[in-house]
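In what follows, chains are A, B, ... by sequence order, proteins preceding strands, each numbered from 1.
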Protein chains: 2
Amino acid sequence: MVVEIAPRDTLTEAEIDAIFQALADATRRDIVARVLVREQSVSTLAASYAMSFAAVQKHVAVLERAGIITKARRGREQIVHGNARTIESARGLLERYEELWRHRIARIDDLLSTEGDRHAHS
Amino acid sequence: MVVEIAPRDTLTEAEIDAIFQALADATRRDIVARVLVREQSVSTLAASYAMSFAAVQKHVAVLERAGIITKARRGREQIVHGNARTIESARGLLERYEELWRHRIARIDDLLSTEGDRHAHS
DNA sequence: ATAACGTACAACCATATGGTTGTAGAAATT
DNA sequence: AATTTCTACAACCATATGGTTGTACGTTAT
């Protein structure tokens, strides 16, 4: 049902929400790690966890909606494989935050020299 | 109420959950970006968003529990500042996933040479 | 053809999440 | 001393999340 054209490199806020949300669960992170190493069927994945097949299926669906994994039919099974590009997008975002952090001193200096320093303490 | 000893460099699954969960909301990501650039009070932050003070306060609490920001009292206001180390931990995790991805071909070759290739297609 | 396997999905449940309003207290201002 | 500012937190509400079981359907195997 997802239309999946060529992957944009600009993500909407909602898409970023979905990516981090998908990664905010240990079972899902484990699924990601497994399929990045070696793609495998949903039922194979399900056998690895102490929960129902349906539960694992839902986790896979969450990861799929976030674009972190994709599924491809092979006969009666659905093969799950990882999409490193999406993970890279998330990493890029975190790197930009770190970049903001590294530049914070310069920015503060800038603000102090251009603005008045009302409320400044030290 | 949080006891905050020296920061470990190994995170528990629950802590990782909290970090990604905290980043899975556009308002909270914006708060992070703001305080990384320039630390500011909770009420200053609250003034930036079209939601109640209490709602923003909750977002700040979520980020604080995840260790992404910390608060420090300055008179009657609570100054929020970013903790880039936690963000770096998250980035490190994503990098490890990408590393798994980069090595997948070698692993598949390894598996194919040791195992039989039942179901192999191409 | 029948059985078994792999998947999909609906219905349900408990708890978490993201928002609200209201109350209360501590610190600064007047 | 009285008032305002900033923060904290409880109570509440609607919706989302993570799990379950049950049913159905296409694909492979017997």
Could you pull out the protein-nucleic contacts involving nucleotides 13-17 of chain C (nitrogen or oxygen on both sides, under 3.5 Å)?
none

* Any side-chain heavy atom of A/T12 sitting closer than 4.5 Å to one from A/E15? -> yes
* So, is A/S52 near the phosphate of D/dT20, with a side-chain N or O under 4.0 Å from OP1 or OP2? -> yes
Polar pairs (N or O, both sides) under 3.5 Å between protein and nucleotides 28-30 of chain C?
{"from": "C/dA28", "atom 1": "O4'", "to": "B/R76", "atom 2": "NH1", "distance (Å)": "3.4"}

* Give the rounded distance in Å between these two atoms: CD of A/E77 and C1' of C/dA8. => 16 Å
* **Counterpart residues, side-chain contact (heavy atoms from CB on, under 4.5 Å), relative to B/S89 (two or more places apart)** => B/L11
* If you measure from CZ on A/R74 to CD1 on A/I79, what distance do you get to the nearest 0.5 Å? -> 4.0 Å
* Closest-nucleotide ordering on DNA chain C, the 5'-leading residue of A/A54 and B/V62 -> A/A54
* B/R104/A/E39 salt bridge by N-O under 4.0 Å criterion -> no
* Tell me whether the OP1 or OP2 atom of C/dA8 has a side-chain N or O from A/Q57 closer than 4.0 Å. => yes
* Rounded to the nearest angstrom, tell me the gap between atom CZ in B/F53 and atom P in C/dT20. => 13 Å
* Rounded to whole angstrom units, what separation is found between the CZ atom of A/R73 and the C1' atom of C/dT7? -> 6 Å
* Would you please confirm or rule out a distance under 4.0 Å between OP1 or OP2 of D/dT7 and any side-chain N or O of B/K71? => no
* Rounded distance in Å - CG (B/D25) to C1' (C/dG19) -> 11 Å
* Asked: If only side-chain N and O atoms of A/S43 are considered, is one of them under 4.0 Å from the OP1 or OP2 phosphate oxygen of C/dT7?
  -> yes
* Taking side chain as C-beta onward, heavy atoms only, is A/V42 less than 4.5 Å from A/F53? -> yes
* Would you mind telling me which residue lines up with the more 5' stretch of DNA chain D, A/V56 or B/I79, judged by nearest nucleotide? => B/I79
* Hey, are A/R29 and A/D25 close enough for a salt bridge, meaning a charged N less than 4.0 Å from a carboxylate O? -> no
* To do: Starting from P on D/dT7, measure out to NZ on B/K58 and report it in whole angstrom.
  => 17 Å
* Atom NE2 of B/H59 and atom C1' of C/dG19: how far apart are they, to the nearest Å? -> 8 Å
* Rounded to the nearest angstrom, tell me the gap between atom CG in A/L45 and atom P in C/dA8. => 12 Å
* Assign A/T27 to base, sugar-phosphate, or nothing according to its heavy-atom contacts below 4.0 angstrom with the strands shown. => nothing
* Structure fact -> B/E64 CD to D/dT7 P, in whole Å, measures 12 Å
* Lys/Arg-Asp/Glu bridge criterion (N-O < 4.0 Å) met for B/R85, B/E88 -> no
* Quickly, which of A/V80, A/L36, A/V62 forms a side chain to side chain contact (heavy atoms under 4.5 Å, CB included) with A/I69? Name it, please. => A/V80
* Establish, yes or no, whether the cationic atom of A/R28 lies under 6.0 Å from the six-membered ring centre of B/Y97 and within 45° of the ring axis. => no
* To do: Show the numbers, then the answer: is there a salt bridge (charged side-chain N to carboxylate O under 4.0 Å, His left out) between B/E99 and B/R96?
  => CA-CA 5 Å; B/E99 199 64 26; B/R96 282 200 267 134; over 6 Å; no
